[in-house]
Structure formats: structure tokens, C-alpha cells
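Working notes for the structure below.
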Amino acid sequence: MTITADLIVQHQLTAAEYEKIVAILGREPSYTELGIFSVMWSEHCSYKSSRLHLKKLPTRGKLVVQGPGENAGIIDIGSGYVIAFKIESHNHPSFIEPFQGAATGVGGILRDIFTMGARPIAVLDSLRFGRLDSPSTGARNRRILGGVVAGIAHYGNCFGVPTVGGECIFEPCYDGNPLVNVFALGVCRKEDVFYAKAAGVGNPVIYVGARTGRDGIHGASMASAEFTEESKQKRPNVQVGDPFLEKLLLEACLEAMRTGAIVGIQDMGAAGLTCSTCEMGSRGEVGIEIELDRVPQRETGMTPYEIMLSESQERMLLVAESGREDEVYRVFRKWGLEAVEIGTVTGDGKLRVREHGATVAEIPNRELADEAPLYDRPHTAPPEVTRRPELPTEPNVQKSLPALLAAPDLCSKLWIWQQYDYQVRTNTIAGPERADAAIVRIKETGRSVAISLDGNGRYTYLSPREGARLAVAESCRNLSTVGALPVAATNCLNFGNPERPEIMAQLVEAIEGIAEACQFFETPITGGNVSLYNETLGEGIYPTPVLGIVGLMPTAQPLGIAFRNPGRVVVLLGGPGVCDEVRFGSSQFVKEIAGDLWGLPPALDMELEKRVQAAMREVAAAGLAESAHDISDGGLAVALAECCLGPEGVGAQVDLDSDLRPEMLAFHEAPSRILLSTAQPAAVATIASAHGVPAPVVGVTMESELEIRQRGMTLGCWDLAELQAAHAGGLGKYVG
Amino acid sequence: MRFGVIVFPGSNCDHDAFYAVGQNLGQPVEYIWHDESSLGNLDAVILPGGFAYGDYLRCGAIAKFSPVMNAVKKFAAAGGLVLGVCNGFQILVEAGLLPGALVRNRGLKFICRPVTLRVETANSPFTCAAERGRRLRLPIAHGEGRYYADERTLDELEAEDRVAFRYLDNPNGSLRDIAGVLNRERNVMGMMPHPERATEPLMGSSDGLAVFQSMLRAGQAVAA
């Protein structure tokens, strides 16, 4: 087939990119080669718009065993064990086909983890949807929510990994572009880590797992374009997942790795066979030659183009030690899986693809995998939100609190997480909504890993830099609140079209904000994912960086959110915080009660934040707190209410000393604040003062009601049953 | 007492059952691969939770054809203790070792949450360490756990004291709140809730130990 200008455009390659391909090859590419380049150089696979800026992220730390560039980041957790973790997006497929899109999102990230030799032990999800109550799009958004949740449940539950937490936010900007970000974490012994690197000329290249079909062709390119009216036609681009097969693949791969006969291994995710062959070759500075006739296929008549670009799920590529193939085959046979030698490692650094013996593609691995175009796209300033503050004239704390607790972002997500098996593997110390972070123990080491996913699109929209820093701070705070020391991070950057300078500006500023904060909080980024072109019909999403941060702690009963006993002292670690009308514009109160958004996100003092977190960890380690909960979305009043919603039904009476107007006092979202209940307030005060952290006593826990006062005047008083009903029923209005 | 945990392709609570027995009950335990034709000299065998063969057909409908199920039937006929949990219960029902069926939850959704059970009989090797009426807090995690049988079978189960556990807060629409049943010989039990997920305080409950301790006591009584 001749390569025409049209064909190049269809492959989303620019004229300059095409010229670069011709220069690399020293000739015109074949149709198959054009396809291969187009997926490897897609935004999704090559990070061509973001790579330049991602370099600003801190990636080193004393616990980092593997930073970005592999299938997952790896952190040393001591006692000879490591954890592997990463977050990835599956936004575009989840809009087109919510169930399979989300399911294969889970499947893809799980493979990234066990490819490295680690057994997945936890999944968390960060989800964004359009409003469920929208008259025009609500029905579709509810269907997408239902499909995504069912898809995650289907895959994770069957595979046998607990889905232990996450977040779920609703905004009109995600109407045509939901976000499905999946985080997975696995564990293995330090010496058992595997890398996706080919080595040893003459070693066999082995294909295992599902057969290759026509599903998912050009998935990576689809994820690199905006949505248009025609996008629904792209349904065949979404893959279909088989979690049972993936479970077999997990067990077989881990067992095969133990034979010692495997040299390198990589899953076939985005860009399938193309990506796994050229990346493994490039990392090992070797060539790989494969014969397509040997690739197991589930359909007849597939062309080389289709086989190379298929994104059929549940497939792995591995390089075995020559002469020891049988040890590998024996394991895969035991698990009932197909394992076929499809090629060999060569010394010429090229990816050579043959069909019936004839060469159909021959491309240097390094240029294909690592020398994708790199763009310094123009960026101006992020769009400014100039609306003037307009607070409700008669603010009412009494009525607003139940309304906020019932709001989609703040209400109980039980309807979602009860569909997930959050306990399988019996390591879940704190599952969904139990504590500020999910906690999973590592049985082998006596230590636990705490995990928190955080991102706030409204904050980042108002100020990408500050919003990104706040996301890092909050994620770390969640970990510190349960007593864990934050040690490393992964990020998922969900943005609009980078070819628009103001969107590019959001991306650049957010990355720089993450870099500053991760540097400051000593949580290096060990990997992640960038998802651009999150736009439908020209409407971009809020810039939404999602941070997944992990922390380490001794295995023990968790420090939960809920008050446990009446008569305990309530301490506001970090103090009342500061806010003004401009900073109040990003709050949940303004979103839900005023129906607006303006100004700036809350102000973050990173020095104070760090001290508050250090004090909190010390309080937790000393066992001085009976409960702890950080203040975030919805502010102090919502956080207090959440503390009152535990099984023990313990409420509180608090009295706040502040000049702020009542609704701002109750609902502003200044960071660096943690509510804790304690029977030993003096000891807590000593620790707080040693860290230079204000820790006013604001009240006392009591039975069955919550009362909030300001300098003795009651702002609101609620029966806990009323708050419970509002919180529990929030999603039920919309979902069955 | 020697326990075995069967591993079907797609079992995913096999490690948890192994850990509960080995670590928290402190008894020797081994895995049994699904194509084994004999169970060796085990005293008790556990069919764990999971999604055997993906459960793409009716749950347990494929697993019942595994070679190991013939061995389990022989083992049960010889009086060996057989415990099926969740997917294991579904497989025992499909294999005809227990009566009834497990159908889609009333709410048509997978449910993972703790439930409260009442021990309905202490007259079984799976409940003898508990007393009738005792309440147990155990997690469930299933999409197809609604116990179903015709009226005659249900009457018979009750008349023969073969309902082992009932839900106090029926989560899935199980007929007569049934959460676990025994075979006529009382040496095979299936239950939807997961006792292995509640065998130490860090799991949030130790109530599930009652099931394993009962098996241990029954096994020791046989040995003595």
C-alpha cells in the first residue's frame, strides 16, 4: 500500500513526524511500519507533549528501587520486601464502553504490577463523572457510573485483588469525558523483581496468554485524540477483558519466574505486541525478531498490521534462557495457558517482523521506542476564573450541613464500594471509608502500607500549581492521619488538549506544582500516566492531576475516622486555618449551596503542613488518639459530621473561637488541619507544641448529637440519625 | 489434624483459607490441585471462595467436572469433613453434595460487607464449638449467594436440623434466611459467608474461628 498524505493524517502523524520516520528508516515505511510508528509515537505511548516537563519531577529517594520507565515503580519496604505500584487512566475507553473500559483498565494495571514479579494486593480507583442529577445528561452519567463500577468489580473481584478505596467526584465538565484512574500495588521479595528487558542474543521470545484478535486496534491512538460525534463508532477499539484468564496468567507468571529460566518479561498493554517487543529490545539494547505465523490468533485472515496493533487483553511477552524453554512451558501448561515461541533475541538492535518468512517491518528499536518526537508545546497562562464572589445572603449552617453530607461528592459511596470485594487476601486493615487512607498489611513483614488517592479538579482549575500542591499535601496528610510515613508517589495527569496553549499551561504548572510538593514532602514520583485530549466537542475537563501516595507503618489496629467514646476531648490539630472570600470560592459549600465556583483554592503553607503531619504521626505512634480525620472537602463541619457517623454513634459538642462569618468558619477548606479525639489531651498538646503546631481543644465527644457553636452561639445542632440518613442516602437517589 | 485446600483454576480465597488454618488455627494444611484424583490422608478438605473457571457459566457448573471432585465425593462418602465457602458452597451444590441452588442476589449486585449470622445447630462438626443461637459476625462477598430450594427441601432441611446458619439481616434474599446448610450425614457443609476472613482481630472479627475450631474438635473426637 502506498503511503498517502491522507493515510498519514489518519494515523495522527504530522508531516514532520512522517519525515522523521523516513529519516530513521532511510526509506518510505510500509503500511505495517506506519501503523507501528503511529502507536508508539502516539501521545499515550510516547508522552511527546509531557515528557519535557515530566523531567522536572523528583524521582529519587533512598527507598526507591525503580523509578519511572518500567512497568511500575518499586519501593523498598524493609525485611527483604519491596512494593510495586502505579496508577493508570482508562478514561477514553470507559466513556465509549463503561463496563469493559473500566474492567480492562483494572486488568492493564494489574499486569503492570505482576509483570514485575509482584503479586497485586490492593487496587484503588479515582473516578470522575458528570452530574447524576443533570436533566440533560444525568441518565447517561448514571449509566456510565453503573457500568464503570460494575466493570471494576467484575475484573477485580474475579481476579482476587481487593479494591480497598478511592474517590469519586461529580462535575459537569466530566459529562462527556469521565475519568477512570486505577491504582494497583503489589508485593514481592526484593530479589524476585523482574524487569521488562530483553537480553541474550539467541534467546527465545515467548508469547503467553490470550490469543490475538482484532479488538483494540489503535486503542492508544484513540486515547490520544479528542472525542467527536463519531467517537461512539470507536466501540470496537475498546478491548474485552477476561479476569479469569488474567488470574491464571498471574499465577503462571509468578510460578514461571521462580524457575529462574525467565530473562525479561513485559505485558502487552497499549500498542500490544508492538510496544512489548520494541520496548524490551530497546531497554536491553538488542534486537527482536518475530514470525507472525506463530502468534496465536483468534480470528483468521489477520494482517501483520492488525496483529502488531491489536490490544487484545491478557497477553504477556517474555524472553527465556535458551535451552530452558521447557521449564517455562511446563508451568504455563499446568495453568492451561498457551505459550508459544514466536521469535528470538538478535544482536542488531532492530525490531524485525516476518510473515510467512518475509520481512514486513524492520525498525530500529531504540528510535522507535525512545526517540519519539518531543514537543515543547507553547503554553501561555492557565485560563483565569474571574467571577466575583457572591455568597448566599442568608447562609444557614443548620440546613447546609445535611445538604452537603447528601451532596454527591461528600455522601457515602457505599453503593459503589460494596460492589467491590475489599477483603480478599485478608490483608485489609482499613477498607473504604473506615480511615483517611486505605491500609493493607504485608503479612510477611509485620508492616502495613497505607495508600491515598487524591485530586481536586476545582482547585486545579482555579490554580493548576496550587491545586497540584494541595493534592500532594492532602494525600500525604491522609497517610499521616492514620500514622503512616509517606514515602513515594505515583501520578495520573488528566488534562485536555495540549495543543491549546492555555491547556498546555495547566499541564506545565500542575507538573511543577507536583514537583515542588513531592520534593518538599519527600515523596518521589516513581511512575504514572498522562492522559491528554480529555475533551468532548471542544469542552475540556478541569485539569485533574490525581496523586497516589503510599506510606509505611507498623501493622496494628487502624486509627479510624469515627469517634469511639463519649467524653473524649476533640482537638483541632493545625488550628482553625485561614480563609477569605476569594479562597472560599473553591469550596464544596460554594459548589453545592451557591452553585458556583470562583477565586482560588485554599492557601497551603507547606512548612506548617509538614509540621502538622509530623505531629500527627507522633500522636498516632504513641497511641494517644482514639480517632483522627483530616479536614478537606466540605470543611470542618463536614469532617466533624463524618467523625460522628461511626458504628458507635458518638457525637460531639464543639465551640470555635473565630471571627470568620459562620458559613465560612464551618465549611472553608483550609488544609493542614486534623480533627482527633483523645483521652490524653495534655500529651497531645505536648507533642503539638514540640512541633510548633497549634492544637486548640475545640470540644468534647458526647452521645447522639452534634452541636457546633461559635463563641458560645449555636450555629447548628443535629441528631446523628439525621446526619446519618443524609450521608447514607446521597447516592441512592440516583442509583438503584 | 490435616487440612487440605483445593485449588481450582480461578480460586482466589485459597491462600486465605490456607492462612486461616495454618496460622490462626495452627494446624497442618496443604494445597490440593484440581486435577488430583485422590485426597491422600487428609482429615478435612476446604473448597475455597473465588471464581472457579471464571464462573462465566452458572457458578460452580464447570468446577464440578474437575477430577478432584470425584475424590471429594469419595472422601465425603467415607465420612471426611468437607467445607465449602462461597464459591466452594456453589460447587458443592452443583456437584450434588448439598441440596438447593445459589442464585443471583436479590439486588442483582455483588455485595461485600459484614453480616450477622445465628448458629442454628451445634449438632455438626462445623458448629460443635459454638452453641445454638450464638451470633457470628462474618463478611460476605458474592454476587450469586441467594440460597434457593423448593419448599419440600427447605422443610426437610429444617426438620432434619440441617440449617447451620441463618442471616439476621438477610443481605441477598436467601430463602428462609439460610446462610449455610449441611448434608444428611452432617459431614459436608456449605456457607456463603467467609469464616476464613474473620480469624484474627486485625481482620475485624475472630468469629469465623468457631467454624474451624469446631472442625478441629470434631476431628480430634474421631481420632480419640
Side-chain angles (χ1 to χ4, degrees), chain A residues 119-121 146 149-150 152-164 241-252 334-337 414-432 434 439-441 443-444 446 448 555-558 560 647 735-736, chain B residues 7-20 22-24 31 33-35 48-57 59 62-63 66 86-87 105 107-115 137-144 171 193-205 208:
Chain A
R119 177 182 286 280
I121 59 165
V149 170
I152 292 169
H154 165 71
Y155 210 101
N157 295 354
C158 179
F159 178 85
V161 65
T163 301
V164 295
D242 179 352
F244 168 59
L245 186 55
E246 179 118 323
K247 164 72 172 165
L248 301 182
L249 209 48
L250 160 77
E251 300 298 343
K334 173 186 162 190
W335 289 95
L337 295 171
L414 179 116
W415 181 87
I416 295 176
W417 55 260
Q418 195 169 266
Q419 296 184 53
Y420 304 147
D421 187 340
Y422 54 86
Q423 291 181 318
V424 62
R425 304 205 62 74
T426 62
N427 295 323
T428 308
I429 302 287
R434 171 88 192 274
I439 307 173
V440 179
R441 68 172 164 176
K443 286 195 185 103
E444 296 86 347
S448 291
T555 294
Q557 287 292 351
V735 291
Chain B
V7 182
F8 296 98
S11 291
N12 64 29
C13 302
D14 46 347
H15 294 187
D16 302 350
F18 190 97
Y19 176 82
Q23 198 69 31
N24 294 337
Y31 290 116
W33 190 238
H34 63 99
D35 62 5
F51 290 70
Y53 296 92
D55 279 345
Y56 291 133
L57 203 57
C59 297
I62 303 288
S66 282
C86 197
N87 192 222
N105 292 347
L108 304 181
K109 289 202 161 48
F110 190 97
I111 308 172
C112 180
R113 72 168 172 91
V115 296
R137 192 85 173 144
L138 300 182
I140 57 163
H142 59 245
E144 298 179 35
H194 286 271
E196 81 283 6
R197 293 190 184 185
T199 52
E200 59 183 333
L202 278 172
M203 296 180 186
S205 165

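Chain letters run A, B, ... following the sequence lines, proteins first and then strands; every chain starts at 1.
Contact of K443(A) with chain B is made through the side chain alone, with heavy-atom distances under 4.5 Å. For a residue to count as touching a neighbouring chain, one of its non-hydrogen atoms must lie under 4.5 Å from one of that chain's; by this rule N427(A) does not touch chain B. Proximity to chain B (any heavy atom under 4.5 Å) is restricted, for Y420(A), to the backbone atoms N, CA, C and O. Only the backbone of A556(A) comes within contact range of chain B, with heavy atoms under 4.5 Å apart. For Y19(B), the part lying under 4.5 angstrom from a heavy atom of chain A is the side chain only. Within the 4.5 angstrom heavy-atom criterion, only backbone atoms of S11(B) (N, CA, C, O) approach chain A. Of the two parts of R434(A), neither the backbone nor the side chain holds a non-hydrogen atom closer than 4.5 Å to a non-hydrogen atom of chain B. For E196(B), the part lying under 4.5 angstrom from a heavy atom of chain A is the backbone only.
Contact annotation: the side chain of I62(B) never approaches that of F8(B) to less than 4.5 Å [non-hydrogen atoms, C-beta and beyond]. Side-chain contact between C112(B) and W417(A) is absent, with no heavy atoms from C-beta onward closer than 4.5 Å. For the pair F51(B)/N12(B), a side-chain contact is recorded, criterion being any heavy-atom separation below 4.5 Å from C-beta on. In this structure, C13(B) and R197(B) have side chains that are in contact, with non-hydrogen atoms separated by less than 4.5 Å. Between P243(A) and Y56(B), the closest side-chain pair of non-hydrogen atoms falls below 4.5 Å.
Contact count against chain B (heavy-atom pairs under 4.5 Å) is highest for D242(A) among L245(A), V161(A), D242(A). When H15(B), E200(B), M203(B), H34(B) are compared by the number of non-hydrogen pairs under 4.5 Å with chain A, H15(B) comes out ahead. Interface remark: of the candidates Q418(A), K247(A), K334(A), Q418(A) forms the most heavy-atom pairs closer than 4.5 Å to chain B. Most heavy-atom pairs under 4.5 Å with chain B, from the set V424(A), L414(A), L248(A), I429(A): that is V424(A).
Here the shortest heavy-atom pairing between D55(B) and G50(B) reads OD2-O, 3.8 Å.
A distance below 6.0 Å separates the ring centres of Y31(B) and F18(B).
Within the 3.5 Å criterion, the main-chain N or O of R425(A) finds a donor-acceptor partner in the side chain of D16(B).
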